[in-house]
Asks: 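The following block contains the structure, expressed as structure tokens.
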Amino acid sequence: MTPKTAQSLHPGVLKSLHDAAKQRHRRTAILHDQLAKKPDAQSYQQMRKKLNEEKFISPLDADNTKCNIYYIKKRFMRFCSQNNHGLWTKAIQTKNCDKGLIMTFLHWICKTYLEPRRKRRKRSKQNTVNQYWRDFKMLYRRTNKGKMINANDCAEMVKYIQGLLTEEFDLDKMPKEKPVLGIDDLLLGLAHHWSRDRSVFPTEDNRLDLATIMLFQSYTAGRPAEFVDGTKSRGRKDPLLDEPEDHLVTDAVNQLGPDLNETNPDDALNSPEDTEIDTEESEEHSVFDVMEDTEVDDNEPDESRSSHEAENEPESLEETDEFGDTVRKHKALCYEDITLWVVKDPNRGGRDVLAMEVYLRHHKGADRKPKPTMFLFREHPLAILCPLSHILARAIRDDAIDTAGYTSAEPFFSTNLSKNAAKRPVFRKSVRTTFGGWEKSETEPMKYATYAFYLDRIGRDLGSEEKWTSYCMRRGNINAIIEKAPNAVVDQVARHDPNTGCKENAYSATEHPSADGLTRAFTHMSIRCNPEVPKEIPKEEFDKLPQDPSIVELRRTVTRQWISIRQQYRFIKTAPEDVVKEYRQLQRNLKNAEKSFRDEITEVFREAYRCRVHDEELERQLNGKVAKEAAEQTVIHQLEKRNQLQVILCDFNTDLDLHQNTKRKIRAINLMVSLASRRETRQPHVSATFEDGTPEDLPEGEPPSNSEKIPVVIDPRQCIYCIGNTALPSAVRLRKFSKRSNMMAHVENVHLKHAPIVGRFVCHHPDCKYLGDFLRDLDHFKAHVQTVHGPRLRK
């Protein structure tokens, strides 16, 4: 009898076996060396003596806690500098830091940072001062090696805050509003986001990411830091570590008001569940700069970096530990946390069902008490509410499929994610390219401030009375399950410690729902949304308003400074560095002051407009008039793929058979992938309603102009960079400026502004792009563009 031969293994399996064996041998050798260095008895005696001498071991603080301590330290330094208390390290010592000093410090904080809010018709919360007090106690304890503030002084401080400070500064004692965003509100927001949103993103990747995060938060009740990077700009550093700028308290900083220099922490310190994310003091995202001539929305968080930083972005996501194992670099959702698998059809009559497993590990308090949670997802018949469809589109776009050849959704219903992308964050930030465009970073996760800005923008566009935040979706999920699941399950979903009472304090639920559901309906935010409310006050009306005297004086100061620099140095760029720095700081102060005034007036205008709409409705009811329903208008976007996608996602028909539903979902995923590689640049226009039709009635391809051959010699008013950017709509690529000087200014301010100062250049014309960086320097590049392609650039 012939013996059976063993079946040959797949090369991939053999490679995994060899890698595992090599890794085990390497780990064994490292452990053997460590055991050889085991301390002896004398070493342990010395270690014991040293540990006994160490009176205080710093607690294991979360990154945001370190940031809070660092920021309260900066405020205490300014307080000591302005009030002649000397060095802060000496002022905070036990013998010098008495009850009176702490009370005056809190009074100074209220006077400096909280009182200016009353000018903007906003009351600060009492809990804000309580949070400052808690942060100072942590700073005191760590600076004084574990010593606590006297208990009697602590009791006096609480009475001082609740009494004198509350009365003097009119602090608000009421708890913060906690609006709930349910499934109807989510559907309203997503439909607006995909079909009616007139805002512009750096890339359409951000539009896909925003919708995906919203779905994940709504289905998992996760906090935002479980999906995006929630750390502040100074996270993971020792809060007591002195930095060069810590000792430089300049007159300019001392004279700046909080509305020009720092934002106020009211909005993130009032809720026990919201204290994990506190972005208002993050200097990286505290100011929303207006990006000039980039065709991206104003006030958007600027995720761009310098070209030098972009060039030095690490190509690999891998960092290894002492054993050579790969470790994660970022606290955000990565591809290794997501598992896609196929559930075989048990009836053998339909198709296999796609499912997804998501492992959330970066919950609140994960550093000290990990409680990772696993969530299982299955397909939803509507693509707009299906997180699997969005993740599939994201994975295809990122080429995160382990098996080669998956470029569309058709064969995607039986595969896994790539091991090469395991440590890569799923949701990443947009960064500037060296030629002034935008692209997705390969390594850096999206910041929480960016996600919060996009979410708030949807709420403002919908005319919502409440601010849309990530916690609105979290509350909506927990309120939905609070009556259908035991407390243990609710605590597990919310990542709460059991029997802490957090659920009762932070969430509301009725034991017996109302018969008609009206009470429950009023807890939904969508019932208080009015898309007719304008986003901003008309410019002609805003210009008629009396200006703030402080802004007028600041504008005069900037003008005088500009005239002085031009008279002395002729050009600003030739002035000394300290003079230019002072001038730029004045410009930033003016921009922030004007933005603060404009935002305040806009809020008043929106509220007055909303009240006027309500009054008109009451008058109509009183007079018995019938309101005329305006015809629903469809927004025609610049990108044809988005026009096709909005029809599919806004098709809420659930009566389709399995084949039609699958076909609709596959088409939606493919369009998401195609759209994510593009970029809108201008506001779309509103046109008449589409004729009744189905997604199949829409054209599949791009406009004909995208496939036209671009001549080598182009019009002198066309941009050499834009004409080669395939992510832009064809109308933007081929646009002609009204004057050559406008084209030159566009190239200088948008594209060459982010180009490297030294180094080789690439010609972005389609006929030259494949040649790479064959141009020696900037002068060679400009000469090539003029002699070969026609447009003349400034020397």
Side-chain angles (χ1 to χ4, degrees), residues 60-67 70 202-203 205-206 208-210 212-213 216-217 220 222-238 276-279 282-285 301-305 309-321 324-339 358-368 370-375 390-391 394-395 397-400 417-432 438-454 470 495:
L60 181 62
D61 295 322
D63 293 336
N64 285 327
T65 302
K66 295 178 182 178
C67 292
Y70 173 73
T203 66
D205 281 302
N206 294 53
L208 175 59
D209 287 349
L210 175 58
T212 310
I213 300 172
F216 271 140
Q217 275 208 280
T220 65
R223 293 180 174 90
E226 299 184 61
F227 307 101
V228 296
D229 184 9
T231 57
K232 301 179 186 177
S233 59
R234 201 193 179 279
R236 304 185 180 93
K237 294 183 180 179
D238 184 359
E276 177 185 287
I277 302 298
D278 181 13
T279 61
S282 176
E283 296 179 349
E284 181 178 355
H285 296 285
D302 190 356
E303 293 185 329
S304 61
R305 297 173 298 167
E309 292 175 313
E311 290 177 355
N312 291 302
E313 180 180 336
E315 297 181 358
S316 175
L317 287 168
E318 296 186 359
E319 290 185 356
T320 57
D321 57 13
D325 296 333
T326 304
V327 297
R328 294 172 66 141
K329 293 178 59 178
H330 304 289
K331 290 185 176 181
L333 184 70
C334 295
Y335 277 113
E336 69 175 351
D337 300 324
I338 302 175
T339 303
V358 180
Y359 188 74
L360 300 181
R361 65 181 78 199
H362 299 298
H363 55 86
K364 184 177 181 180
D367 294 334
R368 287 198 281 182
K371 297 190 293 287
T373 310
M374 186 81 70
F375 287 90
H390 291 67
I391 282 294
R394 182 75 269 162
R397 169 70 178 141
D398 289 341
D399 193 22
L417 296 181
S418 173
K419 296 184 178 67
N420 297 327
K423 306 296 181 182
R424 187 195 304 179
V426 179
F427 311 111
R428 302 182 302 282
K429 68 191 301 185
S430 296
V431 295
R432 283 282 190 182
W438 293 89
E439 65 181 7
K440 273 291 181 183
S441 170
E442 291 294 327
T443 59
E444 298 297 323
M446 179 187 290
K447 283 289 186 179
Y448 167 69
T450 304
Y451 171 54
F453 169 78
Y454 290 149
S470 57
R495 289 72 146 179

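For this chain, numbers begin at 1 and follow the sequence in order.
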Asks: Looking at every heavy atom in both E226 and G222, which two are closest together, and how far apart are they?
Replies: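 Distance-wise, the nearest heavy atoms are OE2-CA, 3.4 Å.
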Asks: May I ask you to test the K429-D229 pair for a side-chain heavy-atom distance under 4.5 Å?
Replies: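 The answer is no; the side chains never approach within 4.5 Å.
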Asks: Report the residues that fulfil side-chain contact (heavy atoms from CB on, under 4.5 Å) with A62, sequence neighbours left out, ordered by chain and then residue number.
Replies: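 A62 satisfies side-chain contact (heavy atoms from CB on, under 4.5 Å) with T65, D367 once adjacent residues are dropped.
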Asks: Roughly how far apart are S441 OG and M446 CE, rounded to 0.5 Å?
Replies: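 S441 OG to M446 CE: 11.0 Å, rounded to 0.5 Å.
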Asks: How far apart are the closest heavy atoms of A332 and P445, and which atoms are they?
Replies: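 Where A332 meets P445 most closely, the heavy atoms are CB-CB, 4.0 Å.
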Asks: Taking it one step at a time, do T220 and L360 satisfy side chain to side chain contact (heavy atoms under 4.5 Å, CB included)?
Replies: CA-CA 9 Å; T220 65; L360 300 181; 3.9 Å; yes
Asks: Sequence neighbours left out, what passes salt bridge (Lys or Arg N to Asp or Glu O under 4.0 Å) with D337? Give chain and number order.
Replies: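 Residues passing salt bridge (Lys or Arg N to Asp or Glu O under 4.0 Å) with D337: R328, R361.
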Asks: Begin from the C-alpha positions of I213 and L333 and carry the test side chain to side chain contact (heavy atoms under 4.5 Å, CB included) through to its verdict.
Replies: CA-CA 10 Å; I213 300 172; L333 184 70; over 6 Å; no
Asks: Considering non-hydrogen atoms only, spot the tightest contact between Y335 and V426 and give its length.
Replies: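 For Y335 and V426, the tightest heavy-atom pair comes out as N-CG2, 3.8 Å.
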Asks: Shortest non-hydrogen contact from Y451 to S470?
Replies: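 Minimum heavy-atom contact is CE2-CB, 3.9 Å.
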Asks: Write down the atom of H330, the atom of P425, and the distance for their closest heavy-atom approach.
Replies: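 Heavy atoms of H330 and P425 come nearest at CD2-CG, 4.0 Å.
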Asks: Going from CE on M374 to OG1 on T339, what distance comes out if it is rounded to the nearest 0.5 angstrom?
Replies: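 If we round to the nearest 0.5 Å, M374:CE and T339:OG1 are 7.0 Å apart.
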Asks: Check whether R428 reaches the backbone of K440 with its side chain - one donor and one acceptor, N or O, closer than 3.5 Å.
Replies: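 A pair under 3.5 Å: no.
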Asks: Which distance, rounded to the nearest 0.5 Å, do you find between the OG1 of T231 and the NE2 of H362?
Replies: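 Output value for this atom pair is 11.0 Å.
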Asks: Determine, step by step, whether E439 and V431 satisfy the side chain to side chain contact (heavy atoms under 4.5 Å, CB included) criterion, reporting the C-alpha distance in whole Å, the side-chain angles of both residues, the deciding distance to 0.1 Å, and the verdict.
Replies: CA-CA 6 Å; E439 65 181 7; V431 295; 4.0 Å; yes
Asks: Go through the structure and list residues passing ring pair (Phe, Tyr, Trp, His ring centres under 6.0 Å) with F216, not counting sequence neighbours.
Replies: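 For F216, the residues satisfying ring pair (Phe, Tyr, Trp, His ring centres under 6.0 Å) (neighbours in sequence not counted) are F227, F377.
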Asks: With sequence neighbours left out, write down each residue that passes salt bridge (Lys or Arg N to Asp or Glu O under 4.0 Å) with R394, or none if nothing qualifies.
Replies: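 By the salt bridge (Lys or Arg N to Asp or Glu O under 4.0 Å) rule, R394 matches D205, D209, D398.
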Asks: Hey, is K423 close enough to E336 for a salt bridge, meaning N to O under 4.0 Å?
Replies: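 Salt bridge present between K423 and E336.
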Asks: Taking only residues two or more places apart in sequence, or in another chain, which ones meet T373 in a side-chain contact (heavy atoms from CB on, under 4.5 Å)?
Replies: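 Partners of T373 under the side-chain contact (heavy atoms from CB on, under 4.5 Å) test: F375, R495.
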